[in-house]
Amino acid sequence: MDRTPLTRDFFDRPVLDVAPDLLGRVLVRTTEEGPIELRLTEVEAYAGEIDPGSHAFRGLTPRNSVMFGPPGHAYVYFTYGMWHCLNLVCGPEGMASGVLLRAGEIEVGADVARTRRFSARHDRELAKGPARLATALDVDRALNGADVIAAPSGPSGPLSVLHGTPPPRDQVRSGPRTGVGGDGAHHPWRFWIDGDRTVSPYRAHVPRRRRPS
DNA sequence: CTCGCGATGCCCT
DNA sequence: GGGCATCGCGAGG
């Protein structure tokens, strides 16, 4: 496995080039309890201000400001009152595009991840879904804006991405994004590794009705 | 394995 | 005040 860190230039490309190219890459999370390494198996592209599904669609806000910054940084948001999700900012500064990390296989530190993901029945469920992935890697808003480009000698900060072993191109599949409705629903901007058991199940967008009071 | 539903708090209109 | 880039649980096949 190639443990060379990905460079800034890797992320400074159009999001639809970066997103599928992240499959098979290795995310390294350094925690006090030890390292966790995750091989990415499922991602989604969010194309900045032109994309109705993107948090950046309505322009710069306090929450999404990291997306408007330079590539190669973590954008972490809080959702459904309980969960965090982790994105990697890509494209040139100002494009506000990013890749949501949806699922992966934990290759190192499954025991550490399990201390937070104790309800997972199999190891392959530890990071099967974006909020599970963030929980397993102990990612919260404290890491919002963190630089994920490691020094050439290896990971130094809390989060970094290594080259890993990308799958053959014919094993990369694409389809509609999970849980995205409206005008952004039909874009096939979700990418995953065909047949991988850690990929999360597809769920179509469901508009919610207000609970009777 | 699938489906249905409630939890929960922050963001933005 | 509506909606959310979700998850875990319980019931049923």
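Values below: every heavy atom of this structure, side chains too, minus hydrogens, waters and symmetry copies. Sequence lines set the chain letters: A, B, ... in the order given, protein chains first and strands last, and positions in each chain run from 1.
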Any [X] side-chain N or O less than 4.0 Å from OP1/OP2 of [N]:
X: A:T61; N: B:dC11; value: no
X: A:R141; N: B:dC10; value: no
X: A:H55; N: C:dA5; value: yes
X: A:R203; N: B:dC3; value: no

Using the side-chain heavy atoms of [X], tell me which of these nucleotides is nearest: [options].
X: A:P62; options: B:dC12, C:dG8, B:dA7; value: B:dC12
X: A:S119; options: C:dC4, C:dT6, C:dG8; value: C:dG8
X: A:R117; options: C:dG8, B:dC12, C:dA5; value: C:dG8
X: A:R58; options: C:dT6, B:dA7, B:dT13; value: B:dT13
X: A:F78; options: C:dC7, C:dC4, B:dC10; value: B:dC10
X: A:Y80; options: C:dC4, B:dC11, C:dA5; value: C:dC4

Could you check whether [X] pairs with [Y] (Lys NZ or Arg NE/NH1/NH2 to Asp/Glu carboxylate O, under 4.0 Å)?
X: A:K128; Y: A:E105; value: no
X: A:R169; Y: A:D21; value: no
X: A:D51; Y: A:R177; value: yes
X: A:R197; Y: A:E125; value: no
X: A:D196; Y: A:R39; value: yes

Whichever of A:V206 and A:G129 has its nearest DNA chain C nucleotide further upstream toward 5':
A:V206
Using Watson-Crick geometry (N1-N3 plus N6-O4 or O6-N4) or G-U wobble (N1-O2, O6-N3), each under 3.5 Å, B:dT8 is paired with none
With both distances under 3.5 angstrom, what nucleotide forms a Watson-Crick or G-U wobble pair with C:dA5?
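Matched C:dA5 with nothing under the 3.5 Å cut-off.
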Qualifying residue, where the test is ring pair (Phe, Tyr, Trp, His ring centres under 6.0 Å) with A:H55 and the options are A:F68, A:F78, A:Y77:
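The ring pair (Phe, Tyr, Trp, His ring centres under 6.0 Å) with A:H55 is passed solely by A:Y77 among A:F68, A:F78, A:Y77.
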Expressed as a whole number of angstroms, how long is the span from [X]:[atom1] to [N]:[atom2]?
X: A:R102; N: C:dT6; atom1: CZ; atom2: C1'; value: 9 Å
X: A:R177; N: C:dC4; atom1: CZ; atom2: P; value: 13 Å
X: A:N87; N: C:dT6; atom1: CG; atom2: P; value: 11 Å
X: A:M82; N: B:dC5; atom1: CE; atom2: P; value: 17 Å
X: A:L86; N: C:dC7; atom1: CG; atom2: P; value: 13 Å
X: A:Y75; N: B:dC11; atom1: OH; atom2: P; value: 10 Å
X: A:M67; N: B:dC12; atom1: CE; atom2: P; value: 12 Å
X: A:E42; N: C:dT6; atom1: CD; atom2: P; value: 10 Å

Report which part of the nucleic acid A:R63 touches: base, sugar-phosphate, or nothing (heavy-atom distance under 4.0 Å, all strands).
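Sugar-phosphate contact only.
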How would you label the contact of A:G53 with the nucleic acid (heavy atoms, under 4.0 Å): base, sugar-phosphate, or nothing?
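Base contact.
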